[in-house]
Each structure stands twice: as C-alpha cells, then as structure tokens.
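The structure under discussion appears below in the form of structure tokens.
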Amino acid sequence: MLFCTTQFCWFFAVVFAAYWAARWDRIRVALLLVASCYFYASWNPWLMLLVFGSSTMDFFIARAIEAADSEWRKKALLFLSLAINLGLLGYLKYANFFLRSVESAATALGFAATLPVLKVILPIGISFYTFEAISYVVDVYSGRVRAERRLAHFLLFILFFPHLVAGPIVRGRDFLPQVNRPKRWTWTRADVGLRLILLGVVKKLAVADRLALYADPVFADPGAFGTMALWLATVACAFQIYCDFSGYSDMALGLARLFGYRLVRNFDRPFLAANLSEFWRRWHISLSSWLRDYVFIPLGGSRGGRWKAYRNVLVVMTLAGLWHGAGWNYVLFGVAHGALLVVHRLFRDWCERRPMVRAALETPTGTALRVAFTFATFVLTLVIFRSTSVAAMGTMLGRMIRPVAGASLTLAPWGLYVTFALVAAGHAVGAPLRAVRLWERLPRPVRGLTFGGAAALALIVAPPVDRAFIYFQF
Amino acid sequence: VSLHKARRRWTRGNVCWYVLGLAAVQLGLGVAVEWTAPLRDPVYRQKVELLAGRRAEAPTRPLFLALGSSRTLMGLDAAAVNETDDKWLTFNFGDLGAGPMLEAVFLRRLLAERVRPDLVLIEVVPLQLATSLVVPSEENALEPGRLSWTEMTSLTSYYRFPVTAFWRWVKARALASVKSQRELHDALRIDVPIADVALPSAVDRYGFLPCPPPSPEERAEAFRIGLGRYRSRLAVSGLADGPARALRELVALCGREHIPFAIVIMPECSGFRDLHTPRFCAALDRFLADLSDAGALELIDARAWVPDDGFLDVHHLDAGGARTFSKRLAEEVLPRLRRYIGTGGSNRAR
C-alpha cells in the first residue's frame, strides 16, 4: 500500500476518522496498532508476524535488561537482542549477498564452488525497524531510557505505519513519551500535517517519479549516451532520490502529525551543504545520527587520535553504504564517502593552519564554490550507488569525465530543467521557518488555491505508472 | 485564552481554505475537461484526427465509416478494404466496449463537426443485447467521463442504472485530476519523447487495431476461457430493452440524417456461435428484421466468415482474420452497397 494511492487514502481516512472519534487514548493506541499491522500485512501477512514477533522479543528483553541485577546478565541480554535483530537482518537481507560474494571469490581463486541461493523474501523496511529496535534496547541497557511497560505502546513505536517501511528511524526516547501523552485534536496539527503531506506528494509525484523517466534509461545503458546526457541523468537521479525519500519522510511526518505524533526531520536541504560532513548532517539525518550514536561514538568517535577517528569514519560510512543494500556498489559507495570524509577532515585541518585560505573559503563566492563542489562530488559518487554493475559504473564515470558524443536524453529536456529549477527554488526558500513565514504571509484564498493547485498539478504531471518509494527496498 | 482561541480559529480557517482550494481547483479542472473535447474523450479525438488526415489525402472519395465495438476495432482492416476497393475511403471508427449508445454519440459528434459519412456500417453485437447481465455490457464498459453532460443526459433513458452512471460521471468531473489524469498530463506536453523517438501508436492510420496472431496454444486457452465466461451470459431467451432501444435510435438517427447504413454482425468462432440459444437467435432475427425494415441497405451476417484459426479469442479477430474478413467485405458487399446508394434505395437486401 503506497502512500500516494487511492487505496491508502481510503485506509487513512477510515483510520483517521476512527482515531479521533475514539474517546480513550488506549483505544486510539490499539486502533493505530491494528491499522499499522494491517498496513504492513497488506504486503505480506507472514512477514508481519516476523516483525511482530521480533519486536515482542525486544520488548521483553528490554524489560529483562532493566530488571537484571548484574552487569553480565544485562550484557548477555543486550547481546541476545543484538544477535536476534542483526541475525534476522543479516539472514534476510545479506545472506545471499554473502554467499554470492564467497562464490565469486572462490571462482576467482580457481575453486569451482556453487553455493545455494536462499529463497528468502526481504521484509519491507527491515533496516529501519531493526535499527529502531536496536537503539531502544541499547538505550535501555545504557539507562538513557526506561523500558516501556506496555507492550502495545512499544509495538506502536516499532510498527507505527507512517514510519514503518521507510523511516525516519525514530528513537524510543522521542516516540514512547508521545504514546503515553493524551491526544487532543487541534487544527494546528491538521494545518501543519496537511502542508507536510502536500509537500511530500509534490516531491514524490511531481519530481521524483518524473525524474526517473529521464534517469532510468540512461543508467540502464550508459554506453549509449553522450557526456551531457549522462550528467543530466545523474543530477536527475540525485534529485530523484532526494525527492523520493524526503517526500516519503515529509508524508510520514505529516501523517504522524495528524495523529498527534511528531517524528524527527530527516532532511534539511542537503544540496546546500558546503562539505560532505555537513551533507551527511542534512541527508537522512535519522540514519546519520543513529550511526553516530550507536556505532561511531561506541567505536571511540574522534577520541583516541586522528587515525582512530579516520578508521571510525571509514567503518561507519562503509556500514552506511551496506545498510542501503546488499551489493558491492553500496559498499563501494559507503567506502568512497568514508574516504572523502577523511579527505575533508584532512583538508579542514590543513585550512585551520592557513587562516587566509579559510577566510577565502568562507566568503559568499567561496561558499558557493564549496556547495557546487560538494554537490558534484555527491553526484559522482551516486553513479556508484545507482549503477547496475561495476562495468556500467566504469563506463558511466569514464564518459562523464572525458567528453564523448552519444545519444541525448530520450525525453525533451525542458521538463527536466523546470524540475531542477523547482528543486533549487525549494532549497532556496525551504528553511522551515522562513518557508512557513512566507506561506503565512499569503492571503488565505491564495494559500487555499495554491494548496489545491499544487495537489492537482502533482497528480496530473505524475507518470501514469505507480512507482514504489526507492527506500522501501532498504 | 483569547489568543489561543484566535490561533485555533486561524488554523481552522487555514484548513478550511485548503479544502476549499482543493475543491475549487478540482471543479475548475472538471469544467475545463467538460468544455474541452480532446480532454474529455481523447480516443474519439485521435480517431477524428486520423480520419481528417485520411480524408485530406483522398478528398473526393466517399466516406465509408464503420461504427462498432472492439470486434470492429480489431476486425475491420480498413486499409485492406481500401486496397481492394479504392472507390471508397473506408475508416474504422470502432472503439473498445462501444455499442449503440457510444456509436450514436460518435455519429452525432461527427455530424456536428460537419463530417458526414456517405455510408455507415453499424455493428450489432448479440452479446450486448443479451438480457443475462445485471448491467448491460455497454453500460458497464462505457466510461461516463467521456461524455459531455448533454450526451450523458441523452443516454440515460437507455441505462438500467442511470443513477450509477450519473454518479460515475460526477466523480469523473469532480476528481478530474485523477480521473482525467492521463488526458491532462498529455495536454501539458511534459516529459514527452523528443521528436525522433516517437511512441508507436496502437491503432493504424485507418483506425484499425491490428493484433498479432496468438500461438495455437494461446488461442486454445483463450477459447477455453472465453467459452466458459460467455456460456451463462448467452443462455438467454430475450433481448435487453435498453441496448435494443439504443440500437433502434441509432438506426433512426441515420434515417433522419439521410445517411445510408448497413448492419453487420462481426465474425465469431464456431464454439461461440453455438452458445446462442435457439430462442435468443429467434428473438435476435426478429429484431434485426425490424432494423432492416427501418432502412438498412443490407444486413451482413459475417459470423461464419472467418475460420477459427483467424481469431484472437472467441469473438475478436487477429490481424490475419481481420484481413480475411475485410477482403471479403470489400469484394462481396461494398460493390453491392454502392449500387444501392447509386439507385437511391434502401432496405435492399438481407
């Protein structure tokens, strides 16, 4: 059930009406839980049971950790939970990748090895809810959060349908207190929620799905296209992934807001980042901060010397790459970003010792150049992320760097330019407070017509075929 | 407290304006679709443009226009007819799911656009006249959003469930950005292929939809499914009132407009023909006789014209079957029809 479908609209309308018609918060929680289960089960009821089962186990393990009287017992329970969660994630998402990789390595070394292919279905959103569960158990272990007493509340934290399949990755300490808080209908909630949903719909339908029409054919056969088309398609791909995922996040935030819940912001105009380190603070914020809190800092963070910090950055970014999918292109993407972040740290240290260079980089022109450089770097690394094979990646990068003739885009590019301008304008006015102030300054009828017009336009310009959200596969 | 109340009123007002804005834009789009024929019915528009193109190529040739359902759309290879008989310009105006109601709408629209056929071939689909269906097949298949309000109101007397049809029409207009999404999207000309990468068009230059022949296994499977599907629908004794009246009215329209017309029953596979009960066949024969009396030049019963291996399924021809049918129509029937028109007669043969 995709957010931008009639089926989901009906589902949401029914749940929303029933939710606010209910008088007691317990019933509301139960209703949201049932709705969330139904939402997930609409993909695969059996996998729903798996999510339900693993979450229930995490709930009881967290309770046991809190009740445990010895450190070793707490640790053992924590490792049990980590083993279950990471074991499921590893088996369902990475087992075949691992087997394929071993097989390829064995073949390369001259051994004739044929390993079996496991027939497993990847549960949708497994990377998201696994990380949520892990963060909760770790937080309970470290005493940052109290173990939740009510199973229904905990299950809602994991299964809440707006964030279940593609994030943002919520933390127990942010979400669980909200479940306990009594909910009262306010029009402000509806106002903000509807605006966020509209923003998400526009990003998804009017930008991401359309840009896919330009990018997909080029990435499918990069050798046939000229340098200009390759660059345009790669920029289109960058904007597509951004609008697809941030569009989903906006819709998730808006839907949650309509039920009285606040989810964390997942994107903050990432293409305005002046360096890659800032980029990762603006892109998929909930994952970046999760990796920082639960991997980077436990590994030692920036403490323990420069080389340890570099090692930790590389480890975290490799994991970030692997999180995105079971494929070497994702691993390579993570490694590339890790290496680039290390280079950035080195460059930053170098600049620290040269105040004039630093001052020049901080001028408006310097900042613009840094933003452009960061964007170009991200776009180039995206080729690794998106390419279907190492050969295709090499072809594409080669043709992008060394100008070559070839086919142009298959669609008339004016629609692409308009869309690029739209994303750029969104970044320019998109600072949340500024955008809200601008919006509220408009006369109400204009706001209403803009709202209706944007919704209608998004529906009209969307390609006729429904496209799943890209991040569902992760 | 008053500040809080004011804030609440303010945000409530915002939400109301969003809803109003949404409704206003949808209404505006609905009106735009209602008033802009290409947006309302792009299938018809495409056919009219193709027809205009062919007429411009052969302005002196009299127009032989075939109105009908998917059987005609996939069964009449107008180009093959034109190859055999170059004195006429034959054009296939068949459409998926069309029956006498939509055919009458098409004819009225064409006349309003000053496109006056010199001869019309009206297809009768016995299946559409069967009483067994709760909702007659054309009523079920015809998307009311394709019709203007005037057309919709003129057709309701033939509907068994006019309220449902009106409701579907209202939904089509009220949710124009969803229901007419494809048409509006195409009208914006956004994300269109660049000139040298033209998309293949489904219908050919003469409005014919050629379907490649299936493999014998695929055909056998299609026959099995089709016969199972239609067995109960054709096990009836009488004719449905609405479709029959619509057909009579279409014939009367041709009469009023002095447009010569012939009636055709398109080919059906042998197994499908056998599904019709004797009582239904008798009722159909009486009905067709009435239609013939109303001025039809000829009643062409082509049900057995094509052997079973020319079918895509039980009642749709593949490209080969369509060619067989079209050639025979051009060689045997068209010259006769031309003679009748030349002598100014009607109801000449059956």
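Convention: sequence-line order gives letters A, B, ...; per-chain numbering from 1.
In this structure, the side chains of B:R12 and A:D191 stay at 4.5 Å or more apart for every pair of heavy atoms. Between B:W17 and A:R447 the shortest side-chain heavy-atom distance does not fall below 4.5 Å.
Of the atoms belonging to A:T186, not a single heavy atom falls under 4.5 Å from chain B. Both the backbone and the side chain of A:L449 come within less than 4.5 Å of a heavy atom of chain B. For a residue to count as touching a neighbouring chain, one of its non-hydrogen atoms must lie under 4.5 Å from one of that chain's; by this rule B:Q26 touches chain A with the side chain only. Heavy atoms of B:L29 lying under 4.5 Å from chain A belong exclusively to its side chain.
Highest contact tally toward chain B, considering only A:P445, A:A454, A:A455, is held by A:P445 [criterion: heavy-atom pairs under 4.5 Å]. Among B:V178, B:V19, B:L188, B:L22, the residue making the largest number of heavy-atom pairs under 4.5 Å with chain A is B:L22.
When each of A:L457, A:I460, A:V461 is paired with B:S177, the side chain to side chain contact (heavy atoms under 4.5 Å, CB included) condition holds for A:I460 and for no other.
The distance from atom CD of A:E440 to atom CG of B:N14, rounded to the nearest 0.5 Å, is 7.0 Å. A:L205 contributes atom CG, which lies 9.0 Å from atom CD of B:Q181 (distance to the nearest 0.5 angstrom).
By the 6.0 Å contact criterion, CH2 on B:W35 is open, its count of non-hydrogen atoms from other residues, nucleotides or ligands being 12 or less.
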Self-check item: From CA spacing to verdict: side chain to side chain contact (heavy atoms under 4.5 Å, CB included), A:F451, B:V25
Solution: CA-CA 9 Å; A:F451 188 92; B:V25 170; over 6 Å; no
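Looking at every heavy atom in both residues, B:Y18 comes nearest to A:L194 through CD1-CD1, 4.1 Å.
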